[in-house]
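Atom set for the values below is all heavy atoms of this structure, side chains included, hydrogens, waters and symmetry mates excluded. Numbering of residues begins at 1 and proceeds along the displayed sequence.
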Amino acid sequence: MATTYHGVSLLNHSIRAYLWAVAHAQRHGIVFDAELLYVSALLHDIGLVAEFDSHSVPFEEAGGHVAWVFGAGVGWPPERRVRASEIIVRHMWDEVPIERDLEGHLLELATGIDISGRDSDEVPAELRREVLERYPRLDLAKEFTACITEQGARKPDSSAAQAMASGIADRIARNPLDS
């Protein structure tokens, strides 16, 4: 699904988010549900693409609904579908406590690394190089900034609007992963 609807920049971002999350978990001895994290990482920004953009809910909620439907299609029980949706919604929180949502915590950390470069220095240099070489950033900064700006303008009470108000565009522009 992600490979069909995401452009290359957004798809690479989703894959990198999964890889950064896995690397963090491995460095800290965190045991997680790899399938659930992978699906959530690949679909966490699906609500930004035209086919799944919602004019009534924030993009992360729209993405959560897509993940729920995807999970139903592959036979996941309702509880697992809800978990995927929760993880995707929570990736936009300022912080997801590990005790509350392990996979949500990992995805929130990983998307912060990839979008704004937050704590990117904690990713080993060799791993950063390998991942960025295999899944280049391309025009992610420009594309994501445009998406989040547009979402925030249309949905003034959304997390996208909050992110814009907190200076996300500047942090994206200064992301050390683009250096």
- Task: Validate the cation-pi geometry between Arg81 and Trp68: distance from NZ or CZ to the six-membered ring centre under 6.0 Å, angle to the ring axis within 45°.
- Result: yes

- Message: Would you compute the distance between atom CG of Leu106 and atom CG of Leu36 and round it to the nearest 0.5 angstrom?
- Response: 10.5 Å

- Task: Give the minimum heavy-atom separation between Ala23 and Leu127, together with the two atoms involved.
- Result: CB-CD2, 3.3 Å

- Item | Partner set under side chain to side chain donor-acceptor pair (under 3.5 Å) for Thr145, not counting sequence neighbours | none

- Could you walk me through whether Asp121 and Arg128 pass the salt bridge (Lys or Arg N to Asp or Glu O under 4.0 Å) test, one step at a time? CA-CA 9 Å; Asp121 57 337; Arg128 274 195 320 265; over 6 Å; no

- Message: Looking at Ile115, is its backbone amide N or carbonyl O close enough to the side chain of Asn175 to form a donor-acceptor pair, meaning the two atoms are under 3.5 Å apart?
- Response: yes

- Message: Test side-chain contact (heavy atoms from CB on, under 4.5 Å) on Val123 and Trp20; report intermediate values, then the result.
- Response: CA-CA 7 Å; Val123 178; Trp20 304 142; 3.6 Å; yes

- Task: Using a cut-off of 6.0 Å, state whether more than 12 heavy atoms not belonging to Tyr5 lie near its atom OH.
- Result: no

- Note on the structure: Rounded to the nearest 0.5 angstrom, the CD-NE2 distance for Glu143 and His6 is 9.5 Å

- Joint cluster assignment, Val82 & Trp76, ILVMFWY side-chain distance < 4.5 Å: no

- Give a yes or no answer on whether the side chain of Arg129 reaches the backbone of Pro124 with a donor-acceptor pair at less than 3.5 Å. no

- Can you name the residues that form a side-chain contact (heavy atoms from CB on, under 4.5 Å) with Ile98, not counting sequence neighbours? Ile30, Leu102, His105

- Item | Side-chain H-bond candidate by donor/acceptor type, Asp94 with Gln162, under 3.5 Å | no

- Report yes if some heavy atom in the side chain of Leu48 is under 4.5 Å from a heavy atom in the side chain of Asp53; otherwise report no. no

- Task: Is it possible for you to say whether Leu109 and Val39 belong to one hydrophobic cluster, with membership spreading through side-chain heavy-atom contacts below 4.5 Å?
- Result: no

- Check: Asn12 side chain, Pro136 main-chain N or O, donor-acceptor pair, under 3.5 Å: yes

- Query: Are Ile113 and Val131 grouped together when hydrophobic residues (ILVMFWY) are joined by side-chain heavy atoms under 4.5 angstrom apart?
  - Reply: yes

- Item | Candidates Arg83, His91, Arg90 - the one meeting side-chain hydrogen bond (donor to acceptor under 3.5 Å, both in side chains) with Glu103 | Arg83

- Query: For Glu108, does its backbone N or O pair with a side-chain atom of Thr111 as donor and acceptor, under 3.5 Å?
  - Reply: yes

- Task: Would you kindly say whether Arg174 and Ser116 are connected by a side-chain donor-acceptor distance under 3.5 Å?
- Result: no

- Task: State whether the side chain of Asp178 and the backbone N or O of Ala141 hold a donor-acceptor pair below 3.5 Å, judged by distance alone.
- Result: no

- How about Phe59 and Ile46: do any of their side-chain heavy atoms sit closer than 4.5 Å? no

- Message: Keeping Arg137 on the side-chain end and Ser9 on the backbone end, is there a donor-acceptor pair under 3.5 Å?
- Response: no

- Message: Take a 6.0 Å sphere around CZ of Phe52 and say whether it holds more than 12 heavy atoms from other residues, nucleotides or ligands.
- Response: yes

- Item | Residue pair Arg154, Glu150: steps toward the salt bridge (Lys or Arg N to Asp or Glu O under 4.0 Å) verdict | CA-CA 6 Å; Arg154 274 195 299 122; Glu150 191 272 336; 2.3 Å; yes

- Side chains of Arg80 and Asp33: closer than 4.5 Å at any heavy-atom pair? yes

- Message: I'd like to check Leu43 versus Phe70 (side-chain heavy atoms, cut-off strictly below 4.5 Å). Are they in contact?
- Response: yes

- Item | Short side-chain to backbone donor-acceptor contact, His65 and Ala62, under 3.5 Å | no

- Query: Are Ile168 and Trp93 connected in a single hydrophobic cluster, I mean Ile/Leu/Val/Met/Phe/Trp/Tyr linked by side-chain heavy atoms less than 4.5 Å apart?
  - Reply: no

- Message: If the condition is salt bridge (Lys or Arg N to Asp or Glu O under 4.0 Å), which residues does Glu99 pass it with, not counting sequence neighbours?
- Response: none

- Euclidean distance, Asp114 CG relative to Tyr135 OH, rounded to 0.5 Å: 13.0 Å

- Using distance alone, with no hydrogens and no angle criterion, decide if Asp45 and His13 have a side-chain donor and acceptor under 3.5 Å apart. yes

- Query: In a check of side chain to side chain contact (heavy atoms under 4.5 Å, CB included) between His44 and each of Val66, Leu107, Val89, which one passes?
  - Reply: Leu107

- Closest heavy-atom pair, Pro176 versus Gly117, reported as atoms and distance to 0.1 Å, is CD-CA, 3.9 Å

- Between the CG atom in Leu19 and the CZ atom in Arg134, the distance rounded to the nearest 0.5 Å is 8.5 Å

- Task: Using the rule that two of Ile, Leu, Val, Met, Phe, Trp, Tyr join whenever any of their side-chain heavy atoms come within less than 4.5 Å, decide whether Val74 and Ile87 are in one cluster.
- Result: yes

- Task: Flag the pair Ser159 / Glu60 as yes when at least one side-chain heavy-atom distance between them is below 4.5 Å, and no otherwise.
- Result: yes

- Answer yes or no: is there a donor N or O on one side and an acceptor on the other, between the side chain of Ser40 and the main chain of Leu37, under 3.5 Å? no

- Task: Would you mind reporting whether Gln151 and Pro58 have side-chain heavy atoms less than 4.5 Å apart?
- Result: no

- Message: Check whether Lys155 reaches the backbone of Ala161 with its side chain - one donor and one acceptor, N or O, closer than 3.5 Å.
- Response: no

- Task: Mind checking the CG-OG spacing from Leu42 to Ser14? Nearest 0.5 Å is all I need.
- Result: 6.0 Å

- Query: Under 3.5 Å, is there a donor-acceptor pair between the side chain of Arg27 and the main chain of Val22?
  - Reply: no

- Check against side-chain contact (heavy atoms from CB on, under 4.5 Å), Ile148 and Met92: CA-CA 11 Å; Ile148 204 87; Met92 285 298 291; 4.3 Å; yes

